[in-house]
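Everything on this sheet refers to the single structure shown next.
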Amino acid sequence: MKEKILKYIDSNFPNLTSKLHLRFELGEPYENGTKERINQVVTRVTTLFEELFKKDDIIYVYIKDWELTEDIMFGNTTPVYLYDLLSKQNIEEETLFDIDEEYDELTGQTIEIKNEYKVKLLSSQLNFIPYKEILEGIGNYEQGREPSIGQSVYFISTQKDIIFHMYDDRGCDVFGINKDNLLPLYHKYRKWILDYNRIEIDHSLSVGLFNCYETSEEKEKRLKENRIKIKQTQINLSQVNRCHITHVLAIPNEFARECISEISETGFNIAIEDKNFDYSIIKVTKTEALALVDYQTELMFLYSQKYKGIYKGWSVIKAF
């Protein structure tokens, strides 16, 4: 079993990734440590998981374990919890290495450093894998809740050519080699897709904004204007900088309804500010760090372009 699944991963998902992928947001907008956040995380990740996999599916579980007895950042107080959950499974083991590079200023050379880790592998019908407890344990880890799971866990279906990986309470990835296997999930849970990665995901799946681009000159102009406006706000981006960021789009009336419909399937809130004979003025707002305004403005610029409109800029109000 071990050789079979490792060969499959090397052939189809090098480094356990793929260009075809979805990334979903799990915890936002709730604050770290709150019951509301962990409840939403568990609900969303379980919903997505059960949409992809059925009880009688054969699933491979790939566990990447650095075998740390103590985690300085998060306090890995239940390091064996995952293996307690899987105690009835036949687990095979392999030792692998990650390669890091460090620059040595004395010699001027780049040094390769091998970091050893253990891979634990098992195969089972999903019905016999306690996936709900595993997903909740991963969500608990950075929230300081117990029991928690600090290991990286990948659920792999060789029949569906899909890898499901919840990296922490912030989000999860679904990797595939056939976009037809990902598109149903994309369309059904489009609103949960991480807005920060939305353009990249749309392009990889040939949906949404995949035919929309900005020129290098337009990008340079947009980023320059962002820097000027951020400076004018006097908000320090190296400190807490959560803000209500509002974008203004002028969209021709004939395309406004379709534009509003598409943006409503994102994490942004929409309001119609004004409507005249030719254009609808649409205000689009999201509350998050001002440091993330660049990706927001790119999204809004591309939505304006797609629907033959004009992106008129953004304003900000502190939320802290």
Side-chain angles (χ1 to χ4, degrees), residues 4-28 41 44-54 57-64 96 98-99 119 121 123 126 129 131 134-135 138-139 152-214 219 261-263 265-268 292 294-296 298-299 301-303 305-306:
K4 178 182 177 182
I5 189 60
L6 290 176
K7 183 177 180 180
Y8 171 83
I9 292 169
D10 287 341
S11 298
N12 297 281
F13 296 95
N15 299 316
L16 293 163
T17 62
S18 171
K19 289 183 179 179
L20 289 176
H21 69 284
L22 301 171
R23 173 163 283 189
F24 292 96
E25 192 163 54
L26 300 178
E28 286 292 323
V41 168
R44 284 192 178 186
V45 74
T46 305
T47 299
L48 293 167
F49 190 92
E50 292 179 347
E51 192 73 35
L52 284 171
F53 305 125
K54 305 308 175 189
D57 285 353
I58 299 299
I59 297 295
Y60 291 90
V61 180
Y62 179 111
I63 302 166
K64 188 173 183 179
L96 296 177
D98 271 346
I99 305 296
V119 171
L121 296 157
S123 174
L126 181 59
I129 299 173
Y131 63 89
I134 293 173
L135 296 172
I138 295 169
S152 293
V153 183
Y154 299 80
F155 297 90
I156 305 171
S157 169
T158 58
Q159 292 176 314
K160 298 177 179 179
D161 291 322
I162 283 175
I163 293 182
F164 185 98
H165 173 55
M166 177 185 181
Y167 47 90
D168 54 36
D169 64 292
R170 292 171 299 168
C172 66
D173 292 319
V174 181
F175 300 103
I177 59 177
N178 182 345
K179 68 181 181 181
D180 289 338
N181 290 339
L182 300 183
L183 283 172
L185 199 68
Y186 171 91
H187 288 298
K188 190 168 183 178
Y189 299 101
R190 189 173 180 177
K191 195 173 182 66
W192 295 356
I193 288 173
L194 188 65
D195 288 322
Y196 186 86
N197 296 105
R198 192 174 293 277
I199 297 170
E200 176 189 358
I201 290 168
D202 281 7
H203 285 182
S204 73
L205 297 178
S206 301
V207 291
L209 292 169
F210 78 104
N211 270 332
C212 301
Y213 300 90
E214 61 180 351
K219 180 178 180 179
S261 176
E262 181 164 355
I263 297 177
E265 291 299 314
T266 71
F268 291 80
L292 297 175
D294 286 346
Y295 97 80
Q296 287 196 16
E298 183 180 9
L299 264 177
F301 177 85
L302 293 181
Y303 282 128
Q305 179 192 90
K306 180 176 181 178

Side-chain donor/acceptor of Ser157 to backbone N/O of Ile162, under 3.5 Å
no
Hey, could you give me the CD1/OG distance between Ile163 and Ser18, rounded to the nearest 0.5 Å?
8.5 Å
Are Tyr60 and Ile9 close enough, and set up right, to give a side-chain contact (heavy atoms from CB on, under 4.5 Å), and what steps lead you there?
CA-CA 11 Å; Tyr60 291 90; Ile9 292 169; over 6 Å; no
Here the gap from His21 atom NE2 to Arg23 atom CZ, rounded to the nearest 0.5 Å, amounts to 6.5 Å
Should we count CG of Asp180 as having more than 12 external heavy atoms under 6.0 Å?
yes
Can you tell me if Tyr196 has over 12 outside heavy atoms packed within less than 6.0 Å of its OH?
no
Would Leu22 and Leu205 count as a side-chain contact (heavy atoms from CB on, under 4.5 Å) here? Give the steps.
CA-CA 9 Å; Leu22 301 171; Leu205 297 178; 3.5 Å; yes
In terms of relative ring orientation, are Phe164 and Phe49 parallel, tilted or perpendicular, with 30° and 60° separating the classes?
perpendicular
Should Tyr189 and Thr47 be marked as a side-chain contact (heavy atoms from CB on, under 4.5 Å) after you check the CA-CA gap, both sets of side-chain angles, and the distance that decides it?
CA-CA 10 Å; Tyr189 299 101; Thr47 299; 3.3 Å; yes
Would Arg170 and Glu25 pass as an ion pair if we require N to O under 4.0 Å?
no
Just by distance, do the side chain of Lys191 and the backbone of Thr266 share a donor-acceptor pair under 3.5 Å?
yes
Could you state the interatomic distance from OG1 (Thr46) to CD (Glu51), rounded to the nearest 0.5 Å?
12.5 Å
Main-chain N/O of Leu52 paired to Lys160 side chain as donor or acceptor, under 3.5 Å
yes
Pair Lys54 + Asp57: basic N to acidic O under 4.0 Å
no
Quick check, are the ring centers of Tyr213 and His203 under 6.0 angstrom apart?
yes
Glu265 vs Ile193 side-chain heavy atoms within contact, under 4.5 Å
no
Any side-chain heavy atom of Ile134 within less than 4.5 Å of one from Ile129?
yes
Are there more than 12 heavy atoms of other residues, nucleotides or ligands under 6.0 Å from atom NZ of Lys219?
no
In short, Lys19 meets Ser204 closest at the heavy-atom pair O-CB, 3.6 Å
When you check the side-chain N and O atoms of Asn197 and Tyr295, is any donor under 3.5 Å from an acceptor?
no
What distance do Ile201 atom CD1 and Phe210 atom CZ have between them, rounded to the nearest 0.5 Å?
15.5 Å
Rounded to the nearest 0.5 Å, the OG1 atom of Thr158 sits from the NZ atom of Lys4 at a distance of 5.5 Å
Heavy-atom side-chain proximity of Phe24 to Leu185 below 4.5 angstrom
yes
Under 3.5 Å, is there a donor-acceptor pair between the side chain of Ser11 and the main chain of Tyr8?
no
Nearest 0.5 Å please: distance from the CG atom of Leu209 over to the CG atom of Leu299.
6.5 Å
Short side-chain to backbone donor-acceptor contact, Asp195 and Gly267, under 3.5 Å:
yes
Test side-chain contact (heavy atoms from CB on, under 4.5 Å) on Leu20 and Asn178 and set out the steps.
CA-CA 7 Å; Leu20 289 176; Asn178 182 345; 5.7 Å; no
Kindly assign one of parallel, tilted or perpendicular to the pair His165 and Tyr154, based on the angle between their ring planes and the thresholds 30° and 60°.
parallel
I'd like to know if the side chain of Lys306 and the backbone of Phe301 have a donor-acceptor N/O pair within less than 3.5 Å.
no
Show the numbers, then the answer: is there a salt bridge (charged side-chain N to carboxylate O under 4.0 Å, His left out) between Asp10 and Lys7?
CA-CA 5 Å; Asp10 287 341; Lys7 183 177 180 180; over 6 Å; no
Within the 4.5 Å heavy-atom criterion, are Ser123 and Ile58 side-chain neighbours or not?
yes
What I'd like to find out is whether the side chain of Cys212 reaches to under 4.5 Å of the side chain of Gln305, using heavy atoms alone.
yes
Quick one, Tyr62 and Leu6 - any side-chain contact, counting heavy atoms below 4.5 Å?
yes
Between Glu262 and Arg190, is there a salt bridge with N-O shorter than 4.0 Å?
yes
Any Leu48 side-chain heavy atom under 4.5 Å of Val174 side chain:
no
Would you mind reporting whether Tyr186 and Asp202 have side-chain heavy atoms less than 4.5 Å apart?
yes
Kindly give the heavy-atom pair with the smallest separation between Leu96 and Val119, and that separation in Å.
CD1-CG2, 3.6 Å
Examine Phe155 together with Tyr131 and report whether their ring centres are nearer than 6.0 Å.
no
